[in-house]
Amino acid sequence: MEQPNRRTFLIIAGAGAGAAAVGVAAAKTGIAGPDTPSADSTAAVPAGAGPLVAYVEDAGSGRVSVMTGDAETVVHDPDLVARLTRAATGRTA
Amino acid sequence: MSSHREAPEISKDPVADNTDVYAFVSPDRPDTVTLIANFIPLQLPYGGPNFNEFGDDVRYAIHVSNSGDARADVTYQFRFTTVVRNKNTFLYNTGPIEKISSKNWNRPQFCTVTRVDRRGRSTVLGRNLAVPPVNVGIRSTPRYDATFTAAATHRLPGGRMFFAGQRAESFHVDLGSIFDLGALRPFQAAHLIPSANAVGVNGTQGLNVHTIAIQVPKADLTRTGTVPTDVMDPAAVIGVYASASRQKSRVLNPDTGTPAGFGPYVQVSRLANPLFNEVIVPMAAKDRWNATDPRDDKEFARYVTRPELAGLLPVLYPGVFPKLAAYAKPRADLAAILLTGIPAGVVPGFQNFTGPVQADLLRLNLAIPPTPAPKVLGLIAGDPAGFPNGRRLLDDVVTIELRAVAGATIPLVDPTFTPDAAAAAVTDGTGNTNAGFTDHFPYVGAPAGGFQSLPGTPAA
């Protein structure tokens, strides 16, 4: 990348020809996990698991939508939904 | 208009807002079809320092249905990637952008084009295709059209052409007048709240959009894989619509101030016939319409056959549309134009019928050649190569649709009806006042420059 200077601002537009190949790097975005994950929970996480979003629209249904990458999996797991809803209200038990 | 800020949710998301769709047999390459979808409405050319650009987090697409069920048989997807070359400057460019690969351009974009067939099989047609900068001004983007348009026009495999980048707005409409209680300046003396008749004012004058254009061989789009030559052949007709989708979940990262997307892509904008969602669908249903697919448009058909605007015209222009006011039948003419295409036998020697499935699609009969001297009023003026047979850049779709809604097309399906005289005359009185169209791909005029353009004239 050219740094701004008088020469680049005054360069005669259109001088030079030929396209330069430009590489495009994919941005990778991460989301912070729990601050202090327990040893047990860390051990339970599959290798290579990326950030994800879990969405419960209706806790009574027992369904949780898990989104990671461009995929979505709907899981029927009333116990997981119960733990998530307890966590959302600050109750872990 | 024609789909600029047309629904409450998409009006808050201009990067994904599909403003217009065009589909026409290419006048200079009549063995091909040109498909154009514009996004990001009402761009001020001097809207820096963060000028308008495509969204890296938006999946743009142009869909073609050729099987009569309104499902996409061929989809072209467009994904963009933005690069920041110099992270230590606030400038869009650190000197003149003398060519599309200039290192003085700090924020280049690149596009990947993918073709997806009905079965979901994907073929990448091109990667990292250069997108031109916006037209900043005479110092930053000198000789804009000559420098960038050809450089950003890419040849893809299979005889296809592709361009994506900022262009002049092609659509013209008197925005300020029409949304002031339906006033049409040339006829406003007859308005319920009258004022002296005046010439129309093009509300999109001096504004830009972001264009995605792809030109493909006709055989790439037909169900038979062949080039149609018989106008009356049902297989000669394709249905076209464009869309923009975002990932279902969006999480803002407070550390970076940027979002991350999660989950499948959900459609947030779609468009085929101009003004469909804008003036046909009621406000409370517009967001849902944007999220649904054309094949499900049956639920919106009642808004077509009983259009609100047809009821408003006689109220807003007392005594001008008495026959329209008295017409009580469902509007089968509008249903044909917008939802199924016009069947054989309605307009002699013409059809663009895709079957009984009601769907908002821009229907193009590929067997109809380009017209050497096109008429801006298209089919209703006897020019079968124009809207509503597809849509060309020059078609005056506001006037065409105004006249259709006012009853001018009812006799096509109901010969007992005689339209009001005003139905053949009504117009917003505008024409294209932006850069002219070109005679070759991408056809859309070069964008207005930021330095060269002057702000509008405020008045109260």
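Residue numbering restarts at 1 for every chain, and letters A, B, ... go by the order of the sequence lines. Every heavy atom of this structure was used, including side-chain atoms; hydrogens, water molecules and symmetry mates were not.
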Taking only residues two or more places apart in sequence, or in another chain, which ones meet Arg155(B) in a side chain to side chain donor-acceptor pair (under 3.5 Å)?
none
Please indicate whether Arg63(A) has more than 12 foreign heavy atoms, meaning atoms of other residues, nucleotides or ligands, lying under 6.0 Å from its CZ.
no
If you draw a 6.0 Å radius around CG in Asp58(A), do more than 12 non-hydrogen atoms from other residues or ligands fall strictly inside?
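Correct, the count exceeds 12.
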Return yes if some donor-acceptor pair links the side-chain N/O of Gln247(B) with the main-chain N/O of Gly69(A) below 3.5 Å, else return no.
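Checking the backbone N and O of Gly69(A) against the side chain of Gln247(B), a donor-acceptor pair under 3.5 Å is found.
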Minimum heavy-atom separation for Phe262(B) and Leu52(A), please, with both atom names.
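Scanning both residues, the minimum pair turns out to be CE2-N, 4.1 Å.
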All heavy atoms of Pro264(B) vs all of Met67(A), minimum pair found to be CD-CG, 4.4 Å
Atom pair CG/CZ of Asp70(A) and Arg59(B) - distance to nearest 0.5 Å:
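With rounding to 0.5 Å, CG (Asp70(A)) is 8.0 Å from CZ (Arg59(B)).
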